[in-house]
Participant: 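I'd like to ask some things about the structure below.
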Amino acid sequence: MQEYFIIIISAVLINNIVLSQFLGICPFLGVSKKLSASLGMGAAVTFVLVLAGAITWAVQTYILNPFNIGYLQTVAFILVIAALVQFVEIVMKKYSPGLYKALGIYLPLITTNCAVLGVAILNIQKEFTLGKAVVYSLSNAIGFTLALVLMSGIRERLEDADIPESMQGIPIALVIAALMSMSFLGFTGLI
Amino acid sequence: MLVAVISLAAMGGIFGIILGISSKKFAVEIDPRVEALLNVMPGANCGACGQAGCAGFAESVVAGTIKANACAPGGKTLYEKIAEILGTEVSDYEERKVAQLLCQGGFGHAKMLYRYRGIPDCHAVLSAFKGPKACNYGCVRQGNCSRICPFGAIKMGADGLPVIDYYLCTGCNKCVLECPQSIIKLVGVSHLVNVRCINADKPKEAKAACSVACIKCRICEKNCPEDAVHVVPFRDGTVALIDYDKCTNCGICAAKCPTKAIDKISDLSEEVVIEMKEAVNSGCSKCEVCQ
């Protein structure tokens, strides 16, 4: 039990996937303009990440390892992730067209979101069991959502701020990302 | 090697089957009217109607949140087709209107009396001896219209005069109300010929103040085959005015006008369609919706 707790704390706060490991920066900057859209993106990534974590673990254990074709890891994982994202897209289009429109191009881009592939590969590298792999994927997804929601909250407040013209938009977003990243360093030593 | 090929192919096959089934099961039903509308739309995806492309327009029209005449490239022909599909009345078609600037007195044309250095605001300029221009009717070039336009359709051009982007203009009338000189007028998009001067002074004074002023020579009046343009009383004097109900866009008056105060623009709706088709092919429709 304690092991799982450590995995959760370290993935959400200490080694936050966006702010400490710098994976998944594209949606972090792209979909963090509105709180509602960032929550939706977080939910979509969570769904894909957890399922991808479990399925890629199974693929690695039951297909790649027995047949000794570990060199196909990246190809096979991307295949799994791409299929999952497609699935999410189909379902979302049906049940939440508003969110589908809000996410726009970033939804299919989850396919190449390095956070998803990164976590899937980290699961294997850390030699997790299936349970730990799922928990690790879930807590990384929560970390991703947390970073995204915090960022969008700040950026929504920035709408009213008087920012110099040359710093508006992406420049100030990058400054904020850097400050957030530094503040998350404060969690080091929590465990 | 064979194992790698087979296992990857098997995975791909399984995922393909799952996706195939789910896409059938979760298929989104589209209103057949939206699809029918999409077939008759110009398909330029210009965004001039304020919607996200032609698909967005079709959806909004069916939902009733936008008027069917909001598509400028489509014009009346499209309106009739839409009315046919939706089963609504055709007769209430109202042409889209865009703002037209009735002054051509840019740098080099209009005579200046002094140099204005003050608050860059049209009202402020006019409070200083009715503005720096010798002509008291024309544009004072401080860009109030460009600032008030909510659609970014008015930009200040190189000659100091506002340039109206007919694709972005929605005919909201804000600039018309804002302009202290009242030289912006809403004109239907199918009317291409405009008298771009409202200087009512005597011919000699008008000519001295601006090289593109209306000098009331009545050459346009004599040459118009439709009897559409007349020099009419205006404020304290007279100025040429086109009756848009009679005008056929022949452009004879514009060609004959000795000071070029009458101006004919190229066919708008056709130009919009062509330009947008080219722009769409090159990847950007210049509609600036993305900004």
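Protein chains get the first letters and strands the later ones, always in sequence-line order, with residue 1 at the start of each.
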Participant: Yes or no on side chain to side chain contact (heavy atoms under 4.5 Å, CB included) for A/Phe87 and B/Phe15, after CA distance, side-chain angles and deciding distance?
Facilitator: CA-CA 10 Å; A/Phe87 182 72; B/Phe15 289 139; over 6 Å; no
Participant: Taking atom CD1 of A/Ile55 and atom CE of B/Met11, what is their separation to the nearest 0.5 Å?
Facilitator: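 Answer for the CD1-CE pair, A/Ile55 versus B/Met11, is 9.0 Å.
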Participant: How many angstroms lie between CD in A/Glu89 and CG in B/Leu19, if you round to the nearest 0.5 Å?
Facilitator: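 Between atom CD of A/Glu89 and atom CG of B/Leu19 there are 10.5 Å.
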Participant: Based on non-hydrogen pairs under 4.5 Å, which of A/Leu84, A/Leu72, A/Val75 is most in contact with chain B?
Facilitator: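 Most heavy-atom pairs within the cutoff with chain B belong to A/Leu72.
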Participant: If you count the non-hydrogen atoms of other residues, nucleotides and ligands that lie under 6.0 Å from NZ in B/Lys174, is the total more than 12?
Facilitator: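 At most 12 heavy atoms, drawn from other residues, nucleotides or ligands, come within 6.0 Å of this atom.
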Participant: Inspect the surroundings of CD1 in B/Ile119 and state if more than 12 heavy atoms from other residues, nucleotides or ligands are less than 6.0 Å away.
Facilitator: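 12 or below, so no.
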Participant: By a 4.5 Å heavy-atom criterion (distance strictly below it), what part of A/Ile90 contacts chain B: side chain, backbone, both, or neither?
Facilitator: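 Contact with chain B involves both backbone and side-chain atoms of A/Ile90.
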Participant: Rounded to the nearest 0.5 Å, what separation is found between the OG atom of B/Ser22 and the NZ atom of A/Lys94?
Facilitator: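 Output value for this atom pair is 12.0 Å.
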Participant: Please name the pair of heavy atoms, one in B/Leu8 and one in A/Leu79, separated by the smallest distance, quoted to 0.1 Å.
Facilitator: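 For B/Leu8 versus A/Leu79, the nearest heavy atoms are O-CD2, 4.1 Å.
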Participant: Does atom OH of B/Tyr114 have more than 12 heavy-atom neighbours, drawn from other residues, nucleotides or ligands, at distances under 6.0 Å?
Facilitator: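 Result for OH/B/Tyr114: enclosed.
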Participant: Write down the atom of A/Ile63, the atom of B/Ser7, and the distance for their closest heavy-atom approach.
Facilitator: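 Nearest pair, atom of A/Ile63 first, then B/Ser7: CG2-CB, 3.8 Å.
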Participant: So for A/Val80, is it side chain, backbone, both, or neither that comes closer than 4.5 Å to the heavy atoms of chain B?
Facilitator: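 Contact with chain B involves both backbone and side-chain atoms of A/Val80.
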